[in-house]
Amino acid sequence: MPAYCSIQFLAGLLGSSLILSRQPNLLPLRAASWESSPLRSKGVKMELTLTRPDDWHLHLRDGDILQAVVPHSASLFGRAIVMPNLKPPITTTATAVAYRESILKALPPNNGFDPLMTLYLTDNTSPEEVRLARKSGVVFAVKLYPAGATTNSQDGVTDVFGKCLAVLEEMVEQSMPLLVHGEVTDPNVDTFDRERVFIETILAPLVQKLPRLKVVMEHITTMDAVRFIESCSEGQVAATVTPQHLLLNRNSLFQGGLQPHNYCLPVLKRETHRQAIVSAVTSGSRRYFLGTDSAPHERRRKECPCGCAGIYNAPVALSLYAKVFEEAGALDKLEAFTSFNGPDFYGLPRNTSKIVLRQCAWRVPESYTYASGEIVPMFAGQTLEWLPSNS
């Protein structure tokens, strides 16, 4: 039987009320010391001391959900690129500044978490708005959602080359990265092929036309995306990768019945694609970095006839990334993926504070309650082997 960390410790770390089921006998976590080495063996147990990670793709929502979920990310990550697909979307610098203030107000006391804001690209975004965003000092990227591709993307772009080229050219001048949800929305294209077709018809031609545009292809899901990223100039085109696309394949949507909490967009793909992404991420390449795409939805909006896309993984993401790298025999490359490659790509300083991952079995809560309902996390009720801590 594994030794489980105390529920009091977990509650303090995750900063939310927890609902646990099937609880084993809980044993307290012993205080531990560590050295400067990032990897320390303690018999069969280990500790990893990492530079504090950042999350380069995060959904915080607004209202009650924002209040509920921001402590989870703020307890573990130093910064996060915050997605702009609210209702209404964050299309201007002024609304981005206001949204950032709402996030800061929702933070726990004395927390240094820094939300890095983004603008939602539309057919009507102007070059002047990009200039304002750069001058603001709080907007760090512009997000491209093809219209209708995912949650709250109905106001997204309908014609990249016909309606957005002047804005993209200004982004080159302002050194403003473009973050891409890489899927076409043509109903005639198979759901599982939408990423590949997007690369072929939009992203590859765009990179060729604007080679100085910095691009992040977000939440990649296929070997086609890996090949594309590897073919581009390092430092100009990169990719974020989620825990779900590293650990799950499309069978996870159907095993034991339909699994709505494993439904996200881009949708999970074949096992061969998952393996290709794992190989790329654990290779040590600087082209890939952490982006959870943590996307909270109230439970009733997931478990319904037309459920929302999105997986809430913020409380478990670091534990799951560690699992992936451990299973690949690449724990020595984990820190670069979580903490170095992202800020290096964005031209930002690396964090100076540290975080510790301990080999300590802990059970993921079944759900997190908040004022308007509950949110089910990724791997709810399951046992994970790596526990993050601030000390």
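- Checked against the 6.0 Å centroid criterion, the rings of His181 and His219 qualify as a close aromatic pair.
- Checking His297 against Arg61 by side-chain atom types alone, a donor-acceptor pair falls below 3.5 Å.
- Between Leu178 and Met171, some side-chain heavy-atom pair lies under the 4.5 Å cut-off.
- The line from CG of Leu331 to CD of Glu326 is 5.5 Å long, rounded to the nearest 0.5 Å.
- Here Lys209 pairs with nothing under the salt bridge (Lys or Arg N to Asp or Glu O under 4.0 Å) rule; sequence neighbours left out.
- Between Val142 and Met176 there is a side-chain heavy-atom pair separated by less than 4.5 Å.
- By the side-chain contact (heavy atoms from CB on, under 4.5 Å) test, Glu200 pairs with Arg196, sequence neighbours left out.
- Of the possible donor and acceptor atoms, none in the side chain of Thr369 sits under 3.5 Å from a partner among the backbone N and O of Glu374.
- With Met217 as the fixed residue, the side-chain contact (heavy atoms from CB on, under 4.5 Å) test singles out one of Thr240, Val237, Ile199, Val207: Ile199.
- Between Leu86 atom CG and Ser102 atom OG the span is 9.5 Å, to the nearest 0.5 Å.
- Comment: Arg227 does not engage Glu230 in a salt bridge, judged by the lack of any side-chain N to carboxylate O separation of less than 4.0 angstrom.
- Residues Tyr346 and Lys214 form no side-chain contact, since every pair of their non-hydrogen atoms from C-beta on lies 4.5 Å or further apart.
- Contact check for Leu268 versus Ser252: side-chain heavy atoms found under the 4.5 Å cut-off.
- Checked by atom type and distance alone, the side chain of Ser279 never pairs as donor or acceptor with a backbone atom of Ala276 at under 3.5 Å.
- Remark: side-chain polar atoms of Asp54 are not paired, donor with acceptor, to backbone N or O of Trp56 under 3.5 angstrom.
- With respect to the salt-bridge test (charged N to carboxylate O, under 4.0 angstrom), the residues Glu195 and Lys269 do not qualify.
- Arg301 CZ: 12 or fewer foreign heavy atoms inside a 6.0 Å radius.
- Remark: the Ser372 side chain and the Asp64 side chain contain an N/O donor-acceptor pair separated by less than 3.5 Å.
- Between the side chain of Arg363 and the main chain of Gly381, a donor-acceptor pair closer than 3.5 Å is present.
- The backbone N or O of Ala336 lies less than 3.5 Å from no partner atom in the side chain of Ser339, so there is not a single donor-acceptor pair.
- The closest side-chain donor-acceptor pair between Gln259 and Gln255, if any, does not fall under 3.5 angstrom.
- Under a 3.5 Å cut-off, the side chain of Gln174 and the backbone N or O of Arg131 do not form any donor-acceptor pair.
- Summarising the local packing, CZ of Arg134 is surrounded by more than 12 heavy atoms from other residues, nucleotides or ligands at distances under 6.0 Å.
- To the nearest 0.5 Å, atoms SG (Cys164) and CG (Leu144) are separated by 7.0 Å.
- Counting only distance, with no hydrogens or angles, the side chain of Asp55 and the backbone of Thr292 share a donor-acceptor pair below 3.5 Å.
- In terms of heavy atoms, Ile65 sits closest to Glu298 at CD1-N, 4.3 Å.
- Note: Phe337 and Phe325 have tilted aromatic rings, judged against thresholds of 30 and 60 degrees for the angle between ring planes.
- Legend: residues meeting ring pair (Phe, Tyr, Trp, His ring centres under 6.0 Å) with Phe345, ordered by chain and number and at least two apart, are Phe289.
- Two residues are said to be in side-chain contact when any heavy atoms from C-beta on lie closer than 4.5 Å; Gln236 and Pro211 fail this criterion.
- The residues Asp114 and Arg79 are annotated as not salt-bridged, no charged nitrogen and carboxylate oxygen being separated by less than 4.0 angstrom.
- Taking every heavy atom of both residues into account, Leu119 and Ala96 meet most closely at CD2-CB, 4.1 Å.
- Taking a cutoff of 4.0 Å between a charged side-chain nitrogen and a carboxylate oxygen, Asp62 and Lys87 do not qualify as a salt bridge.
- The pair Glu173-Arg212 meets the salt-bridge criterion, with a side-chain N (NZ, NE, NH1 or NH2) lying under 4.0 Å from an Asp/Glu carboxylate O.
- Look at Lys323 and Glu327 and you find a salt bridge, because one of the NZ, NE, NH1 or NH2 atoms lies within 4.0 Å of a carboxylate O, short of that distance.
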